[in-house]
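To find a chain, count down the sequence lines: A is the first, B the second, and so on, and within it residues start at 1.
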There are 2 protein chains.
Amino acid sequence: MQSRTPASRTGRPRSAAADAAILAATREALVELGWSGLTLSDVAIRAGVAKTTLYRRWAGKNELVVDAVAELFDELRVPDRGSLAADIEGVVLQFAAILARPEARSGLMAVVAEATRDEALRERIRASIVDRQKHLVLAGRARAQARGELPAETDAGRTARAADLIFDMVAGAVVHRTLVSAEPADEEWVHGFTRVLLSGLAAAGSA
Amino acid sequence: MQSRTPASRTGRPRSAAADAAILAATREALVELGWSGLTLSDVAIRAGVAKTTLYRRWAGKNELVVDAVAELFDELRVPDRGSLAADIEGVVLQFAAILARPEARSGLMAVVAEATRDEALRERIRASIVDRQKHLVLAGRARAQARGELPAETDAGRTARAADLIFDMVAGAVVHRTLVSAEPADEEWVHGFTRVLLSGLAAAGSA
DNA sequence: GTGCTTTCGCTACGATTCGTAGCGTAACGC
DNA sequence: GCGTTACGCTACGAATCGTAGCGAAAGCAC
């Protein structure tokens, strides 16, 4: 989670409970105060830890919020509903449900904004959030190919570009619907979106 | 631009030059410092005005940045390239070009994040940025109908929902591609995206 | 030209937050 | 136990915030 993967082996270990408490407190503070109102001092008080403990583990607000928000995406799964369309609808609905939560709304866009000027932060977001989502696209595609709904891949580069496009279209549309248009990505909307997306992929792919 | 539309008629008028200088300075500061590093004191110095002048016109950082970023979208136009596909590609490319600018990247997502907890700010964004974009979708659609590329509208509600969906798909995909995936929305990508979108709309619309 | 009104630039201020340093204590591996 | 590291706590200088008060400037009405 933090940057300290090859941790030391001696001395007092870091409290895993403190980690969980801090991340939970961060999400709670995001809901109540929003991004700009969130302070590390406040998070420390909520989590019941010292402010210095926070600074020992995270470099700053950006990194902390990325990790706190990333945990929300742990619950993403590829449902097996029997068809590509149903699977995609399921994933999109899960994604929409996460974005409907205020701690995700306030935090996600803010760290993305900060990441435009911070390469390390962008990489952290990619590793802990984006790649996890993109994996769902690939898994759904593989399952559809096993069912015969999609042709097997021929050109690897073309396939990768297509996956990237699908990912940007799915995540982008849901994010924009939820955060910018401020309308719920409910079942009706998701159904319409999925139909357009799949029809377009089928038609454009065969062309 | 500011909230003071029904301005008073007597006394010294506000300097329009100061407005322009402040908004330009805000964009400049966004490029150099990013959202979190931007301070109103710094903007005031860059613009050559007093800090108090800033606070007299804008309530805070959020409102100022919204106005500064909104000006970037003034240049959006609906091109007349002769076909719906070409028109859409043109709009998407313009949108991508704006998002490629660092002052837009840093500022836009940040204010969207803040707007998740601020209804007034959300309305300000809608009025000065989103509606302007959505108008392009409607204009392009009308032109395509005049050409006979799209059938005339029958159900008003259905039409409005379709326009909203198109808007979320276009803006969302470009934003996600540019800011999250951090890849350029170049001509090749836009072409592929437009093909999928139009194919999907044609297929789903006729179903 | 003379007032009236509003904006402007400037300075100063208390309040708040930041991120760090220092220190003694607590918890683990050997 | 011993060494090592994490923890809680306190305190600190630095920076930013948003506001108040003042005199001067720039328009409009007459």
Side-chain angles (χ1 to χ4, degrees), chain A residues 1-26 29-30 32-67 110-111 114 118 120-121, chain B residues 1-26 29-30 32-67 110-111 114 118 120-121:
Chain A
M1 197 79 75
Q2 301 90 304
S3 54
R4 189 68 48 84
T5 311
S8 49
R9 52 180 67 254
T10 178
R12 175 176 177 176
R14 288 192 170 171
S15 164
D19 262 20
I22 290 169
L23 293 177
T26 303
L30 273 177
E32 292 183 21
L33 309 170
W35 164 267
S36 60
L38 183 147
T39 71
L40 293 200
S41 308
D42 182 79
V43 170
I45 294 172
R46 289 173 188 267
V49 302
K51 187 172 63 165
T52 44
T53 298
L54 264 170
Y55 280 102
R56 285 192 191 99
R57 304 188 183 201
W58 286 277
K61 196 167 159 176
N62 292 337
E63 292 76 9
L64 173 62
V65 172
V66 170
D67 287 356
V111 293
E114 291 297 311
D118 185 336
L121 187 62
Chain B
M1 196 79 72
Q2 299 93 301
S3 54
R4 189 69 49 86
T5 311
S8 48
R9 52 181 66 255
T10 175
R12 176 176 175 175
R14 290 194 170 170
S15 162
D19 262 19
I22 290 170
L23 293 177
T26 302
L30 272 178
E32 292 183 23
L33 308 170
W35 164 266
S36 60
L38 183 148
T39 70
L40 293 200
S41 307
D42 182 80
V43 171
I45 295 173
R46 290 173 187 267
V49 302
K51 187 172 61 164
T52 44
T53 298
L54 263 171
Y55 280 102
R56 286 193 191 97
R57 304 189 182 199
W58 285 276
K61 196 167 158 175
N62 292 337
E63 291 76 8
L64 174 62
V65 172
V66 170
D67 288 356
V111 294
E114 291 297 311
D118 186 336
L121 186 63

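At a cut-off of 3.5 angstrom, the base of dT7(C) holds at least one donor-acceptor pair with the side chain of Arg12(B). Judged by distance alone, with hydrogens and angles left aside, Arg56(A) brings a side-chain donor or acceptor within reach of the base of dG8(D), the pair sitting under 3.5 Å. In this model, no side-chain donor or acceptor of Arg14(A) finds a partner on the base of dA6(D) within 3.5 Å.
The pair Arg14(B)-Asp19(B) does not count as a salt bridge, with every side-chain nitrogen at least 4.0 angstrom from each carboxylate oxygen.
Counting to the nearest Å, the C1' atom of dT16(C) and the CG atom of Leu33(A) are 14 Å from each other. In this entry the distance linking NZ of Lys51(A) with P of dT10(D) reads 12 Å, nearest Å. What separates CH2 of Trp58(B) from P of dT7(C) is a distance of 14 Å, to the nearest Å. If you take OH of Tyr55(A) and P of dC9(D), they are 17 Å apart, rounded to a whole angstrom. If you take CG of Leu38(A) and C1' of dT16(C), they are 15 Å apart, rounded to a whole angstrom. Rounding to whole angstrom units, CD1 of residue Ile45(B) and P of dT11(C) are separated by 12 Å. What separates CG of Asn62(A) from P of dC18(C) is a distance of 13 Å, to the nearest Å. Nucleotide dT16(D) holds its C1' atom 10 Å from the CG atom of Leu40(B), rounded to whole Å.
Note that CH2 of Trp35(B) is 4.0 Å distant from CG of Asn62(B), once rounded to the nearest 0.5 Å. Here the CG atom belonging to Leu54(B) is positioned 10.0 Å from the OG1 atom belonging to Thr39(B), to the nearest 0.5 angstrom. To the nearest 0.5 angstrom, Arg57(B) atom CZ is 12.0 Å from Asp67(B) atom CG.
With DNA chain D read from its 5' end, the first of the two nearest nucleotides for Pro13(B) and Asp42(B) is the one closest to Asp42(B). Positionally, the nearest nucleotide of DNA chain C for Thr53(B) lies more toward the 5' end than for the other of Gly60(A) and Thr53(B).
Residue-level contact check: Thr52(B) touches the bases, meaning some heavy atom is under 4.0 Å from a base atom.
The only option from Leu40(B), Val65(B), Val66(B), Ile22(B) that meets the side-chain contact (heavy atoms from CB on, under 4.5 Å) definition with Trp58(B) turns out to be Ile22(B).
Taking only side-chain atoms of Thr39(A), from C-beta outward, the nucleotide of dT17(C), dA25(D), dG27(D) with the closest atom is dT17(C).
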